[in-house]
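Data block below; observations after.
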Amino acid sequence: MKSILFKCISFFCIIFLSFTPSVQEFQGKAYYFSKSTMDLGSWGARMSEAQKKEAQERLKNRLEKTYILSFNKEESVFKEEDKVDAISGATDSWGSNFSRGEQYKNVKENILVQNQEFYGKRFLVKDKLQPISWVTGKETKKIGQYLCFKATASIPTNELAWYDFSWSDLSESEQKEKAAEVKMTNVEAWYTLQIPVSNGPAEYWGLPGLILEVSAGNTTMLCSKIILNPKEKITIIAPDKGKEITKSEYKKTIQEKMLEMRNNRGRRN
């Protein structure tokens with residue numbers, strides 16, 4: 001009798017475990033629309049409204065982007081959808097050198113892998129995830145059908161766009177200022193507990209639910225569509241091609257190359 005009872009219990013345990021979803025089986029895709037405002041500075045003060053509007057249109061493909069975040073419980077791949085320039089019909093070759101490449105995050109292993117291409121040379125940036133000390137609150141709002149909670153944080157500015165470049169990066173006075181004081185960017189995020197993954201777009205992660213909206217500096221990313229557990233299985237694979245390098249080494253490489261280009265242009269003139 002005991003033998004029959006044991007066999008029955010064992011049978012039902014096997015059946016139960018076979019229907020228990022594994023970590024990798026929970027999957028989804030989140031589509032984000034990113035919009036940035038352009039600071040024209042002193043240059044913009046000398047422009048007419050028509051000139052400002054034209055500049056905005058010409059730079060629209062840099063200021064407005066669409067991204068897809070493919071995720072499971074532990075991993076994600078974040079990449080930009082290809083977009084053609086609205087004015088010329090061509091891709092933005094200059095801007096593409098300083099845009100975000102395909103990004104892989106593993107929140108369990110604290111791993112960041114990002115594929116970057118700079119003037120025809122491919123790099124594989126491997127580093128740790130940027131730690132974020134979130135402050136969560138009780139404020140809520142709905143994004144689509146999802147109830148979201150607000151969280152805020154302050155993150156070093158150079159960690160949010162380490163793949164980007166500014167000519168001020170070559171200024172000695174700017175370098176000294178950066179060394180003396182670390183500039184911070186205030187971040188506001190909205191996450192939902194209805195999708196319990198500690199992930200989000202771009203550099204953002206570490207909350208108890210998927211981040212559906214995030215605002216930092218002059219850029220806001222908003223999730224427009226979510227597909228959970230699609231019929232066609234999502235394969236999440238980290239990029240693996242390119243010269244391995246860290247974030248700080250990649251930033252240094254960009255600065256050295258742009259300095260070389262500026263000096264060569266100066267000698268030709």
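Because the structure is a prediction, the values reported are computed rather than measured. Scope of the values below: all heavy atoms of this structure, side chains included, with no hydrogens, waters or symmetry mates.
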Which heavy atom of Val107 sits nearest to which heavy atom of Lys73, and what is that distance?
CG2-O, 4.1 Å
Check the pair Ile155, Gln130 against side-chain contact (heavy atoms from CB on, under 4.5 Å), reporting the backbone distance first and the verdict last.
CA-CA 9 Å; Ile155 304 174; Gln130 171 62 30; 4.1 Å; yes
For Tyr119 versus Met258, what's the shortest heavy-atom pair and its separation?
CE1-SD, 4.3 Å
Checking side-chain polar atoms at under 3.5 Å, does Glu260 have a donor or acceptor matched by the opposite partner on Asn263?
no
Side chain Glu64, main chain Lys35, donor-acceptor under 3.5 Å
no
Angle between ring planes, Phe123 versus Tyr250, binned at 30° and 60°: parallel, tilted or perpendicular?
perpendicular
Do any N or O atoms from the side chain of Lys105 and from the backbone of Gly200 form a donor-acceptor pair under 3.5 angstrom?
yes
Check for me whether the distance between the ring centres of Phe78 and Tyr67 falls short of 6.0 Å.
yes
Any side-chain donor near an acceptor of the partner, Gln114 and Gln103, under 3.5 Å
yes
Expected output: side-chain Thr192 to main-chain Leu147 donor-acceptor under 3.5 Å:
yes
Give a yes or no on whether the backbone of Lys247 and the side-chain of Asp127 come within a donor-acceptor separation of less than 3.5 Å.
yes
State whether the side chain of Lys65 and the backbone N or O of Glu81 hold a donor-acceptor pair below 3.5 Å, judged by distance alone.
no
Basic-acidic side-chain contact under 4.0 Å: Glu80, Arg100:
no
Are any side-chain N or O atoms of Gln116 and backbone N or O atoms of Ser99, one a donor and one an acceptor, separated by less than 3.5 Å?
yes
If I compare all heavy atoms of Gln27 with all of Ile234, which pair ends up nearest, and what's the gap?
NE2-O, 2.7 Å
Report yes or no: does Asn218 contribute a side-chain atom to a donor-acceptor pair with the main-chain N or O of Thr37 at less than 3.5 Å?
yes
For Glu203 and Trp205, does a side-chain donor sit closer than 3.5 Å to a side-chain acceptor?
no
Does the distance from a Lys or Arg side-chain N to an Asp or Glu carboxylate O, for Lys150 and Glu139, drop under 4.0 Å?
yes
Is it the case that the side chains of Glu256 and Thr253 hold a donor-acceptor pair, with the cut-off being a distance below 3.5 Å and no angle test?
no
Which pair of heavy atoms, one from Val77 and one from Tyr104, lies closest together, and at what distance?
CG2-CD1, 4.1 Å
Residues, nucleotides or ligands: over 12 heavy atoms within 6.0 Å of Lys252 NZ:
no
Say whether, by atom type as modelled, one donor and one acceptor occur between the side chain of Glu249 and the main chain of Thr246 under 3.5 angstrom.
yes
